[in-house]
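Quick notes on the structure that follows.
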Amino acid sequence: MVRMQKLNKHFGSLHVLNNIDLDIVPGEVVVIIGASGSGKSTLIRCINGLEEFQSGTLSVDGNILKPDGKSSKALQTIRTEVGMVFQQFNLFPHLSVIDNITLAPMKVRGWRRDDALATARRLLERVGIADQADKYPGQLSGGQQQRVALARALAMEPRLMLFDEPTSALDPEMIGEVLDAMRELAKEGMTMVIVTHEMGFAREVADRIIFIHKGEIAEQGTPEALFSAPQNDHTRSFLARVL
Ligand code: ADP
Ligand code: MG
């Protein structure tokens with residue numbers, strides 16, 4: 001689903017991603033951990049073309065993204081096939097919940113309104129907020145807004161889902177409801193790349209954990225291997241701080 005080879009990303013003189021090699025197979029759930037500023041967000045933003053990179057190769061479901069953004073057609077395809085959920089929900093505040101969800105399927109995929117509405121209702125049911133369809137984002141709790149954001153991403157029938165700290169902006173009592181929805185999605189076989197500090201959740205859902213240190217993959221492995229027997233000094237000290 002994702003093949004990244006020797007990918008390098010700079011912000012000016014800052015070398016943010018250093019020779020990243022990363023293959024993700026269909027159905028795999030990959031959790032990315034690492035200290036603040038290590039490059040986690042930049043890495044997943046490269047996967048859906050939100051960030052350009054300067055060298056290396058990247059292909060997402062067979063669509064090849066080239067360095068410096070020179071691949072507009074592939075970029076368009078990737079944007080429709082890859083869903084993303086951000087820390088700050090990013091819902092359209094002036095649209096109702098249901099309109100937030102139907103907008104892209106109608107505009108980008110050209111679905112009829114009836115079909116988009118039926119799909120949106122089914123997705124709201126699935127994330128447990130069918131009764132909130134006609135409200136506006138500002139009228140919902142953070143946990144509900146994030147579940148709308150998830151439903152909105154799923155409405156595009158993505159082949160791959162990216163999550164960038166989806167529960168970091170939530171009050172503690174709402175984290176569980178969002179993680180539950182993500183857990184369901186993982187069970188259904190969705191390919192997922194998740195940046196999170198929820199180590200219990202990571203341990204439970206991840207097929208593989210990747211630890212990033214200063215823009216490099218310092219260590220990766222199964223949750224069991226990485227949490228129980230980390231090999232790298234930086235992984236060890238990071239885990240000692242967060243576990
Ligand atoms: P993480 O998600 O692991 O906290 P980021 O990927 O957001 O890390 O950032 C990695 C590094 O790149 C940090 O040093 C950050 O300050 C820098 N950075 C991120 N975005 C930008 C940007 N748009 N312009 C300049 N530097 C950036
Ligand atoms: Mg980040």
Side-chain angles (χ1 to χ4, degrees), residues 2 4-22 24 29-58 60 65-70 75 78-79 82-91 142-143 145-146 149-150 153 160-172 174-175 178-179 182 192-203 205-206 208-221 223 226-227 230 232-243:
V2 176
M4 195 179 266
Q5 289 173 319
K6 298 262 170 293
L7 186 130
N8 285 280
K9 161 80 184 170
H10 301 259
F11 283 115
S13 60
L14 195 63
H15 196 173
V16 181
L17 297 175
N18 189 357
N19 273 336
I20 301 277
D21 289 316
L22 175 62
I24 298 172
V29 177
V30 174
V31 168
I32 298 177
I33 62 173
S36 176
S38 57
K40 306 180 297 295
S41 294
T42 306
L43 177 61
I44 65 168
R45 289 165 62 85
C46 282
I47 297 176
N48 69 349
L50 281 178
E51 296 287 357
E52 295 176 358
F53 52 95
Q54 281 73 47
S55 69
T57 61
L58 173 59
V60 180
L65 280 177
K66 297 193 181 123
D68 300 315
K70 290 179 193 137
L75 187 59
I78 287 171
R79 292 262 171 86
V82 179
M84 183 150 178
V85 172
F86 302 86
Q87 185 175 337
Q88 298 293 345
F89 327 137
N90 293 3
L91 297 172
Q145 289 188 61
Q146 195 59 302
L150 177 58
L160 167 68
M161 280 292 301
L162 309 175
F163 296 85
D164 193 356
E165 300 197 30
T167 61
S168 293
L170 299 178
D171 291 334
M174 292 168 189
I175 292 176
V178 171
L179 295 182
M182 291 171 64
M192 298 163 77
V193 184
I194 307 167
V195 175
T196 185
H197 297 294
E198 294 291 329
M199 295 299 155
F201 173 75
R203 186 169 203 141
V205 305
R208 177 161 46 130
I209 312 256
I210 293 179
F211 173 69
I212 304 238
H213 180 71
K214 294 189 175 165
E216 296 186 27
I217 296 181
E219 182 166 359
Q220 57 181 314
L226 200 114
F227 287 129
N232 180 289
D233 285 345
H234 298 300
T235 319
R236 274 198 285 270
S237 65
F238 176 77
L239 291 176
R241 275 181 281 133
V242 299
L243 286 180

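Both counts, for ligands and for their atoms, begin at 1 and track the order of listing. One is the number of the first residue; the rest follow in order along the sequence.
For the pair F211 and R236, the minimum side-chain heavy-atom distance is 4.5 Å or more. At a threshold of 4.5 Å between non-hydrogen side-chain atoms, the residues N18 and N8 count as touching. Here the side chains of V31 and M192 are not in contact, with every heavy-atom distance at 4.5 Å or above. Taking the side chain as every heavy atom from C-beta outward, V205 and L179 never approach each other to under 4.5 Å. Considering only heavy atoms from C-beta on, E219 comes within 4.5 Å of L226 through its side chain. Residues E165 and V195 form a side-chain contact, since some pair of their non-hydrogen atoms from C-beta on lies under 4.5 Å apart.
With hydrogens and angles disregarded, a donor-acceptor distance shorter than 3.5 Å links the side chain of K9 to the backbone of E52. Checking side-chain atoms of Q145 against main-chain N and O of F89 turns up no donor-acceptor pair under 3.5 Å.
Ranked by closest heavy atom to atom 6 (O) of ligand 1, the top entry among T42, V195, I44 is T42. Of the candidates G215, G37, G39, it is G37 that places a heavy atom closest to atom 4 (O) of ligand 1.
Of the protein's heavy atoms, F11 CD2, 3.4 Å lies nearest to atom 24 (N) of ligand 1. Of the protein's non-hydrogen atoms, the one nearest atom 7 (O) of ligand 1 is S41 CB, 3.7 Å.
Ligand 1 has at least one atom lying under 4.0 Å from a heavy atom of S38. A heavy-atom separation below 4.0 Å is not found between G12 and ligand 1.
Each of the atoms 4 (O) of ligand 1 lies under 4.0 Å from some heavy atom of S36. Set against the non-hydrogen atoms of A35, the atoms of ligand 1 under 4.0 Å away are 3 (O).
Residues V16 and F11 approach most closely at CG2-CD1, 3.3 Å, considering heavy atoms. Considering every non-hydrogen atom in both I78 and N48, the closest pair reads CG2-CA, 3.7 Å.
Within a 4.0 Å radius of atom 15 (C) of ligand 1, the protein contributes no non-hydrogen atoms.
Aromatic ring pairs are classed by plane angle as parallel below 30°, tilted from 30° to 60° and perpendicular above 60°; the pair H213 and H234 is parallel.
Contacts between V16 and ligand 1 below 4.0 angstrom, taking non-hydrogen atoms only, involve the side chain exclusively. Looking at L14 against ligand 1, only its side chain comes within 4.0 Å, counting heavy atoms.
Among protein atoms, those of element N, O or S found less than 2.8 Å away from the Mg ion (ligand 2) are S41 OG.
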